[in-house]
2 protein chains.
Amino acid sequence: MKENILKATDLKTTKSRLAILKVLEKSSVPMTAEDIYSIVVTDVHLSLSTAYRTLGTLSDKGILLKNLSQDGKTYYQINNHQHKHQLVCTLCSKTVPIDECPLTNMEEYLIRKTGFAITGHSLEFLGICPKCTENMKE
Amino acid sequence: MKENILKATDLKTTKSRLAILKVLEKSSVPMTAEDIYSIVVTDVHLSLSTAYRTLGTLSDKGILLKNLSQDGKTYYQINNHQHKHQLVCTLCSKTVPIDECPLTNMEEYLIRKTGFAITGHSLEFLGICPKCTENMKE
DNA sequence: GTGGCTGCAAAACCTTTGCACACAA
DNA sequence: TTGTGTGCAAAGGTTTTGCAGCCAC
C-alpha cells in the first residue's frame with residue numbers, strides 16, 4: 001500500500017520513506033520532522049537531513065500536508081483529504097486536534113473574489129488549556 | 001495618540017517605537033520586521049535588533065498582533081480588533097488581505113468543547129494568483 | 001549501470017540575546 | 001540619577017544544501 005503511494009509518484013521505494021510514511025499513518029496528529037525522525041531512527045538508520053528531504057518531497061507530491069506552526073516548527077500529516085488543525089496551549093504546549101474545518105465555504109468565496117487558485121490553508125488556534133488555567137490560580 | 005498607547009503600557013516614548021507604530025498604523029496589511037525596519041530606517045536611526053525587540057514588546061503588551069506565516073517570516077499588525085488574514089501566492093508572493101474572519105463562531109465552539117481559554121488564532125490561505133496562473137500557460 | 005537517494009558537515013535563514021553604552025523620565 | 005532602551009556582534013533554532021558515496025530499479 002505505502003509502496004503504491006511511492007510508485008504512483010515516481011519515487012523510489014526506500015526504507016526511510018516507508019518508515020516515515022508508516023509513522024505518519026499511525027499518528028492521529030500532525031508531527032514535526034524531529035518527532036518523526038526520533039521515532040523512525042529507533043527502527044531504521046537515517047539522518048535528520050533525509051527526514052527533512054523526504055518530508056519535503058512527499059509534501060511536494062501532495063502525499064503529505066506541511067504546515068508551519070506558530071511555535072516555529074513545521075508539522076507534517078498524511079493528506080487524506082480530512083486534514084486536521086490544532087488548538088495549542090501557549091503555556092504547556094498541550095495540543096488538541098480539531099476535526100471540523102470551517103474553511104471550505106471561505107475558500108469558495110475567496111476563489112470567486114480574488115481569482116486565485118487556492119491550494120491550501122493554515123489554521124491554528126492558540127489558548128490556555130484548563131490545567132494551566134488551574135495552575136495559574138495557585 | 002501613539003504616545004498614549006505607550007504610556008498606557010509603561011513603555012518609554014522613544015523615536016524608534018513611535019516610528020514603528022506610525023508605519024504599522026499606515027499599513028493596511030501585516031508587515032514583517034524587515035519590511036518595517038527598512039521603512040523606519042530611512043527616517044530614524046535604529047537597528048534591526050531594536051525593531052525585533054520593539055515589535056516583540058508591543059506584541060506582548062497586546063498593542064500588536066504577531067503571526068508566523070507559512071513563508072517563515074513573522075508578520076505584525078496593529079491590534080485594532082479588526083485583525084486581517086492573508087491570501088498569499090506561493091509562486092510570486094502576491095498577498096491579498098482578507099477582511100472577513102470566519103472564526104469567531106469556531107472559537108466559541110472550541111471553548112465549549114475543550115475548556116481552553118482561546119487567546120488567538122492564525123489563519124492563512126495559500127494559492128496561485130491569476131497572473132501566475134496565466135504565466136504557467138506560456 | 002545509472003540516476004535518484006542518502007549521510008555528513010556546513011551554510012542559510014530569521015530571530016534572539018549578552019554586554020556595554022545611551023537616553024527618557 | 002536610574003532603570004529602561006539601544007547598537008553591535010555573536011549565538012540560537014530549525015531547515016536547507018553541496019558533495020561524495022550508495023542503493024533501488
Side-chain angles (χ1 to χ4, degrees), chain A residues 2-21 30-38 40-61 63-76 88 90 93 122 124, chain B residues 2-21 30-38 40-61 63-76 88 90 93 122 124:
Chain A
K2 285 182 285 290
E3 286 84 346
N4 293 340
I5 293 178
L6 295 174
K7 278 181 188 153
T9 48
D10 291 321
L11 295 177
K12 291 191 175 167
T13 306
T14 67
K15 284 180 188 172
S16 305
R17 287 174 176 168
L18 292 174
I20 287 174
L21 280 173
M31 299 174 73
T32 66
E34 188 80 42
D35 291 341
I36 297 164
Y37 168 74
S38 66
V40 169
V41 82
T42 63
D43 208 29
V44 176
H45 173 83
L46 89 169
S47 70
L48 186 55
S49 319
T50 298
Y52 274 109
R53 271 194 274 232
T54 300
L55 292 166
T57 306
L58 295 177
S59 300
D60 290 345
K61 296 286 186 180
I63 297 169
L64 301 181
L65 292 177
K66 179 177 179 176
N67 178 258
L68 177 54
S69 158
Q70 293 304 306
D71 66 5
K73 292 177 189 162
T74 303
Y75 287 73
Y76 299 86
V88 183
T90 50
S93 299
S122 67
E124 186 175 48
Chain B
K2 285 183 284 291
E3 286 85 345
N4 294 339
I5 293 178
L6 294 174
K7 278 181 189 156
T9 48
D10 291 322
L11 294 177
K12 291 190 177 170
T13 306
T14 66
K15 283 181 188 172
S16 306
R17 287 174 177 168
L18 291 174
I20 287 174
L21 280 173
M31 300 175 73
T32 66
E34 188 80 43
D35 291 340
I36 298 164
Y37 168 75
S38 66
V40 169
V41 82
T42 62
D43 209 28
V44 175
H45 172 83
L46 91 168
S47 70
L48 186 54
S49 320
T50 297
Y52 274 110
R53 269 194 274 234
T54 300
L55 292 166
T57 306
L58 296 177
S59 300
D60 290 345
K61 297 285 186 181
I63 298 169
L64 301 182
L65 292 177
K66 180 177 177 175
N67 178 257
L68 178 54
S69 158
Q70 294 303 306
D71 65 5
K73 292 177 190 161
T74 303
Y75 286 73
Y76 300 87
V88 183
T90 51
S93 300
S122 68
E124 185 174 48

S.K.: Look at the side-chain N and O atoms of B/Thr74 and state whether any lies under 4.0 Å from the OP1 or OP2 oxygen of C/dT15.
M.R.: yes

S.K.: Dump the intermediate steps for side chain to side chain contact (heavy atoms under 4.5 Å, CB included) on A/Leu11 and A/Leu58, then the final yes or no.
M.R.: CA-CA 9 Å; A/Leu11 295 177; A/Leu58 295 177; 3.8 Å; yes

S.K.: Applying side chain to side chain contact (heavy atoms under 4.5 Å, CB included) to A/Thr54 and A/Leu46, what does each step give before you reach the verdict?
M.R.: CA-CA 11 Å; A/Thr54 300; A/Leu46 89 169; 5.9 Å; no

S.K.: Return no unless some side-chain N or O of B/Ser49 is found under 4.0 Å from OP1 or OP2 of C/dT16.
M.R.: no

S.K.: A/Leu48 CG to C/dT6 P: how many Å, rounded?
M.R.: 13 Å

S.K.: Could you go step by step and tell me if A/Thr50 and A/Thr14 meet the side chain to side chain contact (heavy atoms under 4.5 Å, CB included) rule?
M.R.: CA-CA 11 Å; A/Thr50 298; A/Thr14 67; over 6 Å; no

S.K.: For C/dT6 and A/Arg53 - does any side-chain N or O of the residue sit under 4.0 Å from the phosphate oxygens OP1/OP2?
M.R.: no

S.K.: Any side-chain heavy atom of B/Asp71 sitting closer than 4.5 Å to one from B/Thr32?
M.R.: no

S.K.: Compare the minimum distances between each of C/dT6, D/dG7, D/dG5 and the side chain of B/Ser47, then state the nucleotide with the smallest one.
M.R.: D/dG7

S.K.: Within the structure shown, what part of the strands sits under 4.0 Å from B/Lys66 by heavy-atom distance: base, sugar-phosphate, or nothing?
M.R.: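 Sugar-phosphate, no base atom in range.
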
S.K.: To the nearest angstrom, how far is B/Ile36 atom CD1 from C/dC14 atom P?
M.R.: 15 Å

S.K.: Write down the distance between NZ (A/Lys12) and C1' (D/dC25), rounded to a whole number of angstrom.
M.R.: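 The answer, rounded to whole Å, is 6 Å.
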
S.K.: Please tell me if A/Thr13 has a side-chain N or O lying less than 4.0 Å from either OP1 or OP2 of D/dC25.
M.R.: yes

S.K.: Can you measure A/Arg17 atom CZ to D/dC25 atom C1' for me and round it to whole angstrom units?
M.R.: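 About 13 Å, once rounded to whole Å.
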
S.K.: Between D/dG7, D/dG5, D/dA24, which nucleotide gets closest to the side-chain atoms of B/His45?
M.R.: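 The nucleotide sitting nearest to the side chain is D/dG7.
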
S.K.: Tell me: OH of A/Tyr37 to C1' of D/dT15, nearest whole Å?
M.R.: 15 Å

S.K.: Tell me, with the steps shown, if B/Leu6 and B/Lys12 meet side chain to side chain contact (heavy atoms under 4.5 Å, CB included).
M.R.: CA-CA 7 Å; B/Leu6 294 174; B/Lys12 291 190 177 170; over 6 Å; no

S.K.: Identify which nucleotide among D/dT6, C/dT16, D/dC25 has an atom closest to any side-chain atom of B/Thr50, counting heavy atoms from C-beta outward.
M.R.: D/dT6

S.K.: Return the value, rounded to whole Å, for the distance between atom CG of B/Asp71 and atom P of D/dT14.
M.R.: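 That distance rounds to 19 Å.
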
S.K.: Does A/Thr32 place a side-chain N or O at less than 4.0 Å from the phosphate oxygens OP1/OP2 of D/dT14?
M.R.: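 The answer is no; no side-chain N or O of A/Thr32 sits under 4.0 Å from OP1 or OP2.
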
S.K.: Report the residue (A/Asp10 or B/Ala33) whose heavy-atom-nearest nucleotide on DNA chain C is the more 5′ of the two.
M.R.: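 Final value for this comparison: A/Asp10.
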
S.K.: Checking contacts here: which listed nucleotide (C/dT16, D/dA24, D/dT16) is nearest the side-chain heavy atoms of B/Tyr52?
M.R.: C/dT16

S.K.: Using only side-chain N and O atoms of A/Lys73, determine if any of them is under 4.0 Å from OP1 or OP2 of D/dT14.
M.R.: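 Checking D/dT14 against A/Lys73, a side-chain N or O does come within under 4.0 Å of OP1 or OP2.
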
S.K.: How many whole angstroms separate atom CG of A/Leu58 from atom P of C/dT6?
M.R.: 10 Å

S.K.: Tell me the interatomic distance from A/Leu11, atom CG, to C/dG3, atom P, rounded to whole angstroms.
M.R.: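 Nearest whole value for this atom pair: 18 Å.
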
